Peer 1: 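Dropping the structure in here first, questions after.
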Amino acid sequence: MQDNFKIIILSAPSGAGKTTVLQAVLKQIPELAFSISATTRPPRANEQHGTHYYFLAITEFEQLKAQGAFVEWEEVYPGRFYGTLYSEIERIQKEGKIPIFEVDVFGGISLKQKFGKQALSIFLNPPSLEALKERLICRGTENAVDLEKRLQKAEIELQQKSAFDIIVENIFLEKAIEEVVFHIRKFIAA
Ligand code: 5GP
């Protein structure tokens with residue numbers, strides 16, 4: 001890894017609009033590149049290995065863990081592991097770009113602790129738990145059991161927002177995107 005580098009962390013509970021904001025931010029700030037995480041959850045219909053995630057068997061994930069390949073990893077939901085790979089940071093830095101991580105709230109806090117001032121951590125705050133529930137139901141990617149797990153976790157995650165450098169309210173999507181872009185540009189330029 002390079003010595004003098006910057007990283008961006010975007011965290012929020014599931015259903016808070018993180019991925020939508022991330023896609024818009026990546027379009028507007030070409031200096032950034034998405035860090036592809038490893039996960040043991042199965043791919044959704046529209047997801048591809050090596051684009052959205054590296055989809056791994058639990059044994060492969062364990063192997064990488066044992067090799068020290070992860071900057072951080074979390075069992076985000078029971079039995080579902082997600083982790084940030086050192087190799088992704090290296091890949092992105094070799095391209096001369098700044099990695100942006102879309103990770104759960106505890107992963108975001110770990111990354112910030114690890115990288116300190118070199119990292120900008122942003123928490124995307126949903127309007128309410130009720131709004132999260134509606135978004136997750138509309139998205140339709142989780143069954144009832146998984147949806148309930150995500151909502152339970154969201155309640156805990158919302159209590160952690162003060163650990164982040166910046167909290168952006170996601171009430172109006174366009175305004176939230178504008179704010180996230182503003183803070184990232186400012187951080188990159190500093
Ligand atoms: P999903 O299954 O909806 O893609 O992601 C579930 C949660 O895991 C989201 O909050 C997402 O940001 C988070 N996540 C994705 N990649 C990572 C990672 O590398 N580390 C951690 N800690 N969380 C991740």
Side-chain angles (χ1 to χ4, degrees), residues 7-26 32-56 58 60-62 64-65 67-92 99-115 119 121-126 129 131-161 163-164 167-168 170 176 180:
I7 67 159
I8 312 291
I9 303 157
L10 183 63
S11 291
S14 182
K18 236 178 344 201
T19 307
T20 311
V21 170
L22 176 85
Q23 293 311 324
V25 166
L26 283 168
L32 300 179
F34 173 59
S35 165
I36 304 165
S37 294
T39 183
T40 64
R41 87 147 161 74
R44 296 177 185 138
N46 62 333
E47 288 180 331
Q48 277 162 4
H49 180 81
T51 301
H52 299 90
Y53 281 106
Y54 298 111
F55 293 100
L56 305 180
I58 183 82
E60 293 172 303
F61 195 96
E62 292 291 343
L64 287 172
K65 222 166 84 180
Q67 289 164 10
F70 290 117
V71 189
E72 64 76 40
W73 63 269
E74 294 281 333
E75 187 175 5
V76 177
Y77 305 108
R80 295 278 191 253
F81 294 85
Y82 296 76
T84 306
L85 293 156
Y86 280 106
S87 55
E88 277 297 292
I89 302 185
E90 280 156 14
R91 172 182 71 79
I92 292 167
I100 180 163
F101 304 96
E102 196 227 281
V103 293
D104 87 315
V105 169
F106 295 98
I109 293 171
S110 298
L111 287 170
K112 176 65 190 178
Q113 278 170 353
K114 190 149 199 148
F115 295 113
S121 65
I122 303 172
F123 185 95
L124 196 62
N125 200 27
L129 264 181
L132 275 188
K133 188 174 179 178
E134 276 169 28
R135 281 191 200 168
L136 283 172
I137 291 171
C138 278
R139 197 167 84 179
T141 47
E142 270 70 41
N143 61 36
V145 176
D146 285 344
L147 194 136
E148 194 46 45
K149 281 184 198 163
R150 282 175 186 249
L151 288 173
Q152 278 171 11
K153 171 104 184 183
E155 220 171 327
I156 303 163
E157 289 185 305
L158 287 172
Q159 294 162 10
Q160 308 297 321
K161 59 184 152 207
F164 284 74
I167 300 172
V168 171
N170 189 11
V180 172

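Please read these numbers as outputs of a predicted model, since none were measured by experiment. One-based numbering, in listed order, for ligands and for the atoms of each.
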Peer 1: Going by the order shown, which atoms of ligand 1 are within less than 4.0 Å of some heavy atom of K18?
Peer 2: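 Result: 9 (C), 10 (O), 11 (C), 12 (O).
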Peer 1: Polar-atom distance check: G83 versus ligand 1, any N or O pair below 3.5 Å?
Peer 2: yes
Peer 1: Among protein heavy atoms, which sits nearest to atom 23 (N) of ligand 1, and what does the distance come to when rounded to 0.1 Å?
Peer 2: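 Ranked first by proximity to atom 23 (N) of ligand 1 is D104 N, 3.0 Å.
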Peer 1: Does any part of the side chain of K149, heavy atoms only, come nearer than 4.5 Å to the side chain of P78, both counted from C-beta?
Peer 2: yes
Peer 1: Short N/O distance, under 3.5 Å, between T84 and ligand 1?
Peer 2: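 N/O-N/O distance under 3.5 Å: yes.
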Peer 1: Do Q48 and Y53 have side-chain atoms, one donor and one acceptor, less than 3.5 Å apart?
Peer 2: no
Peer 1: Centroid separation under 6.0 Å, is that true for the rings of F34 and F101?
Peer 2: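 F101 vs F34: aromatic centres not under 6.0 Å.
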Peer 1: With a heavy-atom distance limit of 4.0 Å, tell me whether Y77 approaches ligand 1 through its side chain, its backbone, both, or neither.
Peer 2: side chain
Peer 1: Using a 4.0 Å cut-off to any heavy atom of R41, which atoms of ligand 1 qualify?
Peer 2: 1 (P), 2 (O), 4 (O)
Peer 1: Give me the atom names and distance for the closest heavy-atom approach of F55 to R41.
Peer 2: CD2-O, 3.1 Å
Peer 1: With a 4.0 Å cut-off on heavy atoms, is R80 touching ligand 1?
Peer 2: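 For ligand 1, residue contact (heavy atoms, under 4.0 Å) with R80 is absent.
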Peer 1: Salt bridge or not for E157 and R150, using N-O below 4.0 Å?
Peer 2: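 Result for this pair is no, no salt bridge flagged.
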Peer 1: If you have a sec, work out which protein heavy atom is nearest atom 16 (N) of ligand 1 and how many Å separate them, to one decimal?
Peer 2: S37 OG, 3.0 Å
Peer 1: Which atoms of ligand 1 have any heavy atom of E74 under 4.0 Å away?
Peer 2: 22 (N)
Peer 1: Check contact between Y53 and ligand 1, using heavy atoms of the residue and a distance below 4.0 angstrom.
Peer 2: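 Yes; Y53 lies near enough to ligand 1 that a heavy-atom distance drops under 4.0 Å.
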Peer 1: For ligand 1, which atoms have a heavy atom of E72 less than 4.0 angstrom away?
Peer 2: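 What qualifies from ligand 1 is 18 (C), 19 (O), 20 (N), 21 (C), 22 (N).
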Peer 1: Is there a donor-acceptor pair under 3.5 Å between the side chain of K112 and the backbone N or O of A119?
Peer 2: yes
Peer 1: Determine whether a donor-acceptor pair (N or O, by modelled atom type, separation under 3.5 Å) exists between the side chain of K18 and the backbone of A12.
Peer 2: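 Checking the backbone N and O of A12 against the side chain of K18, a donor-acceptor pair under 3.5 Å is found.
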Peer 1: Say whether F106 and ligand 1 are in contact under the criterion: heavy-atom distance to a ligand atom below 4.0 Å.
Peer 2: no
Peer 1: Do NZ/NE/NH1/NH2 and the carboxylate oxygens of E148 and K133 come within less than 4.0 Å?
Peer 2: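 Here E148 does not pair with K133 in a salt bridge, since their nearest N and O are not under 4.0 Å apart.
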Peer 1: Among residues at least two apart in sequence or on other chains, which ones pass salt bridge (Lys or Arg N to Asp or Glu O under 4.0 Å) with E72?
Peer 2: none
Peer 1: For atom 7 (C) of ligand 1, what's the nearest protein heavy atom and its distance?
Peer 2: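 The answer is V76 CG1, 3.9 Å.
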Peer 1: Heavy-atom distances under 4.0 Å decide this one: backbone, side chain, both or neither, for R44 against ligand 1?
Peer 2: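 Answer for R44: side chain.
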Peer 1: Any idea which protein heavy atom is nearest atom 6 (C) of ligand 1, and the distance to it?
Peer 2: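 Protein heavy atom with the smallest distance to atom 6 (C) of ligand 1: Y82 OH, 3.6 Å.
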Peer 1: Under 4.0 Å, counting heavy atoms only: does R150 come that close to any atom of ligand 1?
Peer 2: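 Yes, that is the case, since the closest heavy atom of the residue is under 4.0 Å from the ligand.
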Peer 1: Are the side chain of E75 and the backbone of G79 linked by a donor-acceptor contact shorter than 3.5 Å?
Peer 2: yes
